[in-house]
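Notes to accompany the following structure.
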Amino acid sequence: MRAGARSPPPGTLSRPMTERYDPSVIEPKWQRVWAEERTWEVSNEADERPRSYVLEMLPYPSGEPHMGHLKVYSVGDALAHYRRRAGMRVLHPMGYDAFGLPAENHAIKTGQHPRASTEASIAQFREQFRSWGISIDWSRELGTHEPEYYRWTQWIFLRLLERGLAYRKEAAVVWCPVDETVLANEQAPGGFCERCGSAVESRQLEQWFFRITDYADRLLDDLATIDWPEHVVTMQRNWIGRSPGAEVVFRCESAGVDYPVFTTRPDTLFGATFFVLAPEHPDVLGLNDSAEVREYVDRAISASPEERGAELREKTGVPLGRTVTNPVNGEEIPMFVADYVLMEYGTGAIMAVPAHDERDFEFAGRYGVEVRRVIEGGEELPYTGDGPMTASGRFDGRHNREAYDEIVEWLASEGRGRAAVNYKLRDWLLSRQRYWGCPIPVVHCPVCGVVSVPDEDLPVELPEIEDFAPRGRSPLAAAEDWVRTSCPSCGGEARRETDTMDTFVDSSWYFLRYCDARNDAEAWSEQALATWMPVDQYIGGVEHAILHLMYARFLTKALADLGLLGFQEPFANLFTQGMITRDGAKMSKSRGNVISPRQYVERYGADTARCYILFIGPPDHDADFSDEGVGGVHRFLARLWRLAVEVAGSEGRAGSGGSDGEPGRQHRASPALRKTHWAIDKVTGDLRDRFAFNTAIAALMELLNDLYRDKEAMLASEAGRGQLRDCVATAASLLFPFAPHLGSEVYELMTGRRVWEERWPEADPRLLEREVVQIVVQVNGKLRDRVEAPAGASENEQERLARASAKVAAQIDGGQVVKTVVVPDRLVNFVVR
RNA sequence: GCCCGGGUGGCGAAACCGGUAUACGCGGAGCACUCAAAAUGCUCUGCCCGCAAGGGCGUGCGGGUUCGAGUCCCGCCCCGGGCACCA
């Protein structure tokens with residue numbers, strides 16, 4: 001069976017349920033079948049089929065699903081369906097990223113427990129996903145807030161703690177004054193809280209961190225081993241921000257202190273004419289505690305990140321009245337404190353080379369410091385390019401790139417420096433002073449210090465509390481009975497850790513849990529992971545390009561190092577879908593332009609909503625949702641339905657016409673059958689090789705248009721009717737990944753069988769070949785005529801046919817044909833002089 | 001400023017390897033069915049000149065390569081996104 005359809009066995013013909021296309025009847029019918037028969041459940045027992053793990057990013061359940069959810073699941077489901085029918089064993093699970101601030105903020109406002117509101121949302125999401133007909137293995141459903149899940153989140157935390165990959169330290173951290181919690185620095189890009197948008201502050205606090213910086217190089221290098229969109233790879237690369245360079249030590253004789261600095265340009269060392277400390281540098285006031293310095297430092301530290309980083313802000317600073325010694329030439333150069341130097345990067349101190357650095361140049365101009373050129377090239381200073389070195393002692397005349405390593409070696413041999421690499425990436429700050437998250441499973445014992453809760457005592461469950469408002473510490477701290485506990489080590493009185501984990505920890509490993517979601521003895525079995533991981537196709541929004549995707553990659557590598565996983569990367573392929581906008585703008589509650597998928601599903605049916613969102617444009621682009629467009633797609637589905645009903649009703653009709661005379665010829669190559677196989681080829685390619693759902697649906701529209709054109713003639717004969725039935729069944733079969741309900745219904749109507757139990761159709765290559773092709777004839781590259789030629793005609797034959805065209809002859813007229821270009825089966829171009 | 005995308009009819013878009021630009025859908029016009037309307041089916045629909053046959057022009061702008069460029073190269077303009085004092 002090549003076209004995926006054959007005539008039904010006698011007696012199995014279905015009759016249409018309704019005359020009009022009525023999704024409110026068709027869709028629940030199939031949803032019931034899939035739910036009752038648990039059609040999409042898949043076992044962990046391997047069989048001969050190749051496996052495929054298709055996964056959309058874990059949704060945060062808030063209210064009800066929005067258009068973005070409809071899009072991501074329409075994409076993922078189309079893929080999952082296609083792969084199943086292409087003979088793969090497909091894992092396509094669902095769960096909820098259920099801890100988080102919105103539910104907790106809601107609780108603060110209304111008093112409703114975050115668990116109650118979250119679970120109400122989950123019920124909404126679950127119900128709507130069912131109503132969309134998404135093919136989910138519900139036996140693996142999970143919520144990150146369930147003790148059965150977060151028990152293992154805590155277990156993972158303890159493994160990292162044992163390895164020294166989780167640790168506590170006091171540091172300047174990002175504090176969101178509105179959410180009253182600390183944040184990871186990547187969760188406050190540009191100085192604003194990622195969640196609530198308020199300007200963040202800097203605070204000195206002791207917090208929990210994951211040592212993600214240990215993995216910086218591997219996170220960078222392994223990007224080469226995964227197939228991800230280039231822009232996401234670039235964003236991760238930039239975020240890691242690896243800079244090779246050197247550490248160079250400058251000595252301050254008067255204070256008797258060595259100051260190491262990081263530089264990417266040790267080749268410009270001879271041009272260093274001053275030295276700068278960040279305002280946060282702990283030594284500043286020790287070097288000079290004048291009122292002026294004190295005031296400058298205070299102001300710089302209290303400034304919000306966005307004030308300090310303001311683009312047009314002029315460089316400011318204060319001289320410290322001290323000098324350091326430039327190790328390459330022994331010169332004493334002045335020290336400054338200036339806020340363009342950041343404490344978080346490098347050592348919080350820099351050597352300044354104004355001739356070859358724009359920022360240093362600007363500062364030197366304002367403070368009258370010497371600008372000394374040490375690299376030749378460029379018309380004016382600052383010059384940041386390469387060239388021969390000058391005023392650089394023994395390196396004069398050498399090209400800077402070439403002398404680079406030698407300079408570093410020389411510094412090292414003098415004990416004044418070494419090669420070094422710096423990263424922008426910071427350790428992941430994971431503790432949060434909030435209630436609705438996974439408790440950090442440690443206790444603080446006055447005798448033993450920080451002690452892990454033993455594995456057998458997990459999970460450490462969230463206590464029930466009444467007041468969720470944060471007050472600069474976790475609301476958990478108020479649950480005295482819960483906080484007070486005994487030390488697992490010495491048995492003495494101890495207190496529980498009251499911070500909870502960043503919810504990004506929860507979502508950094510859920511894809512592992514899906515593989516073995518009901519395992520209550522361990523987080524996962526080796527066999528389950530071996531069966532499914534890594535995820536073959538991960539699908540989600542580009543807004544997670546850095547946070548979620550970096551964290552999940554880190555945790556995977558850390559768990560692999562602990563011997564708990566056998567792979568280094570969680571997501572082999574990534575697809576980022578574009579946003580759904582409304583009148584060109586992002587949908588948001590504040591704009592009041594949110595449209596819920598629900599209204600469209602209720603009005604047009606899930607199949608229409610799903611197809612429309614895929615048809616609107618390439619899935620990785622942003623797309624504007626318009627009401628007019630939906631109607632067109634709905635008309636297409638209704639048209640297929642009507643054709644199917646008509647074909648089903650035509651069975652008893654006598655072959656009244658006289659066109660039954662040449663059944664053989666019709667069988668061999670009716671245009672409808674050819675078009676059907678063209679559509680098989682097109683849809684398969686669009687689904688298998690690209691994510692071109694829009695053109696796949698367009699191809700099915702074309703097919704249907706052709707079938708309508710030929711319908712009357714085909715219905716007139718017995719053979720034609722059979723063939724039309726096959727064509728409609730195949731159309732339904734190809735449509736199934738996008739419109740599973742209608743696809744199932746029409747297929748059943750045509751064949752009596754269930755479409756998802758059928759192999760994906762295969763195009764017959766003989767039916768893809770044309771007997772006659774149209775040849776484009778050009779004169780000097782301009783289209784002049786089209787002629788017909790037998791497929792596979794020789795170049796000479798093609799040229800002969802092209803020359804026979806009167807229009808072409810008129811164009812050539814008196815001219816001389818100097819060259820003829822022939823593209824087989826496509827084109828002939830006469831070059832005329 | 002740097003790094004990614006993108007710019008094609010009235011609109012969403014297609015053209016996958018340099019070979020018929022505008023598939024498919026929306027919108028618009030017309031015809032059929034109807035007492036009428038809706039629904040449905042069919043036809044037309046890039047711009048300009050022309051009664052027509054036909055011709056010219058057309059993928060943000062300017063150049064280039066090529067028999068032939070939406071597609072490749074160089075230089076710009078505009079829109080969207082990311083990063084942005086990271087030494």
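By convention in this document, chain letters (A, B, ...) are assigned in the order of the sequence lines, proteins followed by strands, and residues within each chain are numbered from 1.
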Taking only the side-chain heavy atoms of A:Val776 (C-beta and beyond), determine which of B:U20, B:A87, B:G19 contains the nearest atom. B:U20
Would you tell me if any nitrogen or oxygen in the side chain of A:Thr695 comes within less than 4.0 Å of OP1 or OP2 on B:A15? no
Base, sugar-phosphate, or nothing for A:Arg826, non-hydrogen atoms under 4.0 angstrom? sugar-phosphate
Checking all strands, does A:Asn422 fall into the base, sugar-phosphate, or nothing category for heavy-atom contacts under 4.0 angstrom? nothing
Look at A:Arg635 and B:C26 and indicate whether a side-chain polar atom (N or O) is within less than 4.0 Å of OP1 or OP2. yes
Check this one for me: any side-chain N or O of A:Lys782 less than 4.0 Å away from OP1 or OP2 of B:G19? no
Taking the six-membered ring of A:Tyr340, is NZ or CZ of A:Lys315 closer than 6.0 Å to its centre and within 45° of its axis? yes
Just to be sure I understand the rule, does A:Lys682 reach a base, reach only the sugar-phosphate, or reach nothing, if contact means heavy atoms closer than 4.0 Å? base
Return whichever of A:Asp360 or A:Val633 has its heavy-atom-nearest nucleotide of RNA chain B closer to the 5' end. A:Val633
Would you call A:Asp622 and A:Lys71 a salt bridge, taking side-chain N to carboxylate O under 4.0 Å as the test? no
Which part of the nucleic acid does A:Phe636 contact within heavy-atom distance under 4.0 Å: base, sugar-phosphate only, or nothing? nothing
Annotated protein contacts, base or backbone, on nucleotides 4-13 of chain B with a non-hydrogen cut-off under 4.0 Å, one of B, S, - each: SS------BS
Ranking A:Asp686 and A:Ile697 by the position along RNA chain B of their nearest nucleotide, the one closer to 5' is A:Asp686
Whether the A:Thr213 and A:Asp427 side chains hold a donor-acceptor pair (N or O, under 3.5 Å, no angle test) is what I'd like checked. yes
Any donor-acceptor N/O pair, A:His356 side chain to A:Thr384 backbone, under 3.5 Å: no
Is A:Arg639 close enough to B:U40 that one of its side-chain N or O atoms is under 4.0 Å from OP1 or OP2 there? no
Touch class at under 4.0 angstrom, heavy-atom based, for A:Glu702 against every strand present: sugar-phosphate
Check this one for me: any side-chain N or O of A:Asn705 less than 4.0 Å away from OP1 or OP2 of B:G41? no
Just call it for A:Asn238: base, sugar-phosphate, or nothing, with non-hydrogen atoms closer than 4.0 Å on any strand. nothing
Over all strands shown, is A:Arg784 touching base, sugar-phosphate only, or nothing at heavy-atom distances under 4.0 angstrom? sugar-phosphate
Heavy atoms under 4.0 Å, any strand shown: does A:Val831 hit a base, just sugar-phosphate, or nothing? sugar-phosphate
